[in-house]
Structure formats: structure tokens, C-alpha cells
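Input: a single structure, listed below in C-alpha cells.
The structure presented is a predicted model; accordingly, all values stated were derived computationally and were not measured. Atoms within a ligand are numbered from 1 in the order they appear, just like the ligands themselves.
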Amino acid sequence: MARVFSGIQPSGVPTLGNYLGAIRNWVALQDAHDCLFCVVDLHAITVWQDPSGLRQATREMAASVMACGIDPARHILFHQSAVPAHAELAWIFNCVARLGWLNRMTQFKDKSGKDREAASAGLYVYPNLMAADILAYHATLVPVGDDQRQHIELANDIAQKFNHDYGREFFPLIEAAIPVTSARVMSLRDGTRKMSKSDPSDQSRINLTDDTDSIVQKIRKAKTDPAPLPETLAELEARPEARNLVGIYAALTEATPEDVLRRFAGQGFGQFKPALAECVAETLRPIRAETLRLMADTTALDAGLRAGAARAAAIAEPILRETQALVGLLPAR
Ligand code: AQP
């Protein structure tokens, strides 16, 4: 059975984009796979995080993914920093990955922006840590959004180079599980930028913990245009905000954007937005309620994460020790 690894950064409250692009697919994978779900706090600190905010966000992320349907009894849910094998393997991968490979990573270019010199070294080597996250468990299936495809390719380059350099087929080939139906959800303020939990504007996103009033208000204020919805998808090409809202409705109702247009063609946003808001609110209502319930007992939440980490470490430790032996590092014990 393929082992699944997936991570999510506690860099804010999870958004509808994280849900439709990632968490919902994790839930679906649970039935047929052994899964590790990781709150990747070491990735989050590649950009500044307020320490108490990070603690809160780590718990909130764990609570949210459980509220979405991840089962920590059948699978493993933990926070990355509690399993030192991630950071230890990442160092070895820092020595395997080539600068030229990292220089091509578009996420670094996007996140470092114009002031690249001021970006952290951690942000630059982020893909090496991501490769370690996956390969520390010899996981072979990684459910991610389309934006992460390049990082999975890099992880495979690292694995192959390691296997070649040390003369053993030790790390397996990783496959990115990118669901065809998972639309990339874009910002509510700018249809050309992805919806992000770290966007400074709360109005740009739907948080999984937003209540119905906030959802209705955010969707009412979402940027659109005065034209009614067209009959074909091609006519939405130059209308990224409208395209995004149609895509969200389609993803939530498990329909195609074409189906949505067939239903709403000719109607303006005065009619479409309330229908969309209702659909989003319906989906998020039970998730929000369960997240709040879990967040009310942080002692239990922390204990659950630590127990998950112990189970994760039991898989990763032997793989790390073998990696170290292949590299020629003397055993610690
Ligand atoms: N807008 C999105 N649409 C579809 N999928 C998305 N994902 C993120 N945003 C969208 C998917 O969510 C998973 C976890 O993402 P992450 O938290 O590890 O990092 P990210 O992709 O950088 O997500 P954010 O919300 O934009 O975080 P910040 O603001 O910290 O950068 C990934 O599988 C991703 O594809």
C-alpha cells in the first residue's frame, strides 16, 4: 500500500483554498492508504511568525484538519518540529541538492518578491526540507495543489541523485497526487493571485473558521465585474474574478464550471453571490463548529499531536539512521 505524506503550514488560519486544494483530498485518500498528515511548523518559520501566533496557528491547523475529517486514530497527525528526523535529513539533502535546481523554484521567487536579498536562507532551502518530510517516511504519494508540482519534481531529483551518489536505490520515486477537480482558489480581491492564509487582507480569503455572517459579507464584497455570467467558460477567460467564483461553486458542489454556467448563465452577481455564499457557509458550518470544539481543549490537542509525533518518529528514525550510514556518518549510539 502506498504511503501518503502531506503537509500544511501553520502560517495562519486554513482557507477555503487549502480545503479545496488539499485537505478535502487528504480526507478522500484515508480509505485506501496509510497516511501521515503533518503541520509543517518548520516550513512556516521560513517567513517571520509571531511565536504565540505560531503556537495558536499550529493547534488551530491540527483542529481544522481533524474537523474536516482527518482521523488521527487511523492515520498519523503531528507537528513537524516534534520529529527531529525532518531537520536532520534536510541537512543531508542541503548537501545533495544543487544551487541551480533551487534557483529555478518559482515559489521562492514569488515569496521572496523584489527584495530577494532580505529573504531567509530557510525560504531558499524550503524544497529540501519538503523532500526530507516525504522521504523520511519513504512515502510515495503526496497529495498537493498544482502549485507544489515543481517541489515534488525537485524531491525526486534529490532522491535520484542521492541514490546515484551513494550507489543504492534507497529513496523511492514520489508521485504528486494532484486531483483534476481541485481548482486553484484565487483571492477574493484579485483573481490573478491565489487565496493565501498569509495574505495581509482578511477580505481576500474565506477562513475555515469564518462564521456565516463573515462569509456572506466577504463574498458580497468580493471583486467582480458588472457583466452577467456567460454561457461558456471561454467567455470568462478575461474575467479572473468571475472565473474564480464560478470555480469555487463548482468545486463545492462537485460539478464542473460548465455545469455552473449552464445553471447561472444570464444572471448577475446579485443573484450568484448569495447562492455561492450559502453553499460556502453550508460546507464550513460543521467544520467551524468542530474546530472550535477541539480548540477548547488545547491540552488534549497537544497530547494528540505528541502521540502522533511518536508514531511518526518510529517510522522516520530507522530510515534516517540508514541514510546516515549510507553517507558515512558514524552511528550516534
Ligand atoms: N489557493 C489555493 N488553492 C488551491 N490549493 C491551495 N493550497 C494552498 N492555497 C491554495 C494547497 O494547500 C496545501 C497546503 O499549503 P501550505 O499551507 O503548505 O502552503 P501554501 O501553498 O503556501 O498555502 P498558503 O495558504 O498560500 O500559505 P501561505 O500564505 O503561508 O503561503 C498545498 O498542497 C497547496 O497546494
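- By the criterion of a heavy-atom distance under 4.0 Å, neither the backbone nor the side chain of M186 is placed next to ligand 1.
- Set against the non-hydrogen atoms of S11, the atoms of ligand 1 under 4.0 Å away are 27 (O), 28 (P), 30 (O).
- With ligand atoms numbered from 1 in the order given, ligand 1 contributes 16 (P), 17 (O), 18 (O), 19 (O), 22 (O) to contacts under 4.0 Å with heavy atoms of Q9.
- Inclusion of N18 in the set of residues having an N or O under 3.5 Å from an N or O of ligand 1 is warranted.
- The residue among K194, Q148, K197, R184 with a heavy atom at the shortest distance from atom 20 (P) of ligand 1 is K194.
- The closest approach between a heavy atom of Q107 and any atom of ligand 1 is not below 4.0 Å.
- Looking at I23, V185, V40, it is V185 that brings a heavy atom closest to atom 1 (N) of ligand 1.
- Closest heavy-atom approach to atom 13 (C) of ligand 1 among the candidates A22, A251, A44, P10: A22.
- Using a 4.0 Å heavy-atom cutoff, T15 is absent from the residues neighbouring ligand 1.
- Side-chain contact between V125 and L102: present, with at least one pair of heavy atoms (C-beta onward) separated by less than 4.5 Å.
- In this pair, W26 and F37 present their aromatic rings parallel. The plane angle is below 30°, not in the 30 to 60° band.
- Side-chain contact of T15 with N207: a donor-acceptor pair under 3.5 Å is absent, judged by distance alone.
- Residues forming a salt bridge (charged side-chain N to carboxylate O under 4.0 Å, His left out) with R220 (at least two apart in sequence, or on another chain): none.
- Classification of D210 and R205 as a salt-bridged pair fails, no side-chain N sitting under 4.0 Å from a carboxylate O.
- Heavy atoms of L20 come nearer than 4.0 angstrom to ligand 1 in no pair at all.
- A donor and an acceptor atom, one from each side chain of S214 and Q217, are nowhere located under 3.5 Å apart.
- For E153 and R104, the salt-bridge test fails: no basic side-chain N is under 4.0 Å from an acidic carboxylate O.
- In this pair, H86 and F78 present their aromatic rings tilted. The plane angle is within the 30 to 60° band.
- Remark: among candidates G17, G7, P14, the nearest residue to atom 6 (C) of ligand 1 is G17, based on non-hydrogen atoms.
- Which parts of ligand 1 touch M195 is read off a 4.0 Å heavy-atom cut-off, strictly below it: atoms 1 (N), 2 (C), 9 (N).
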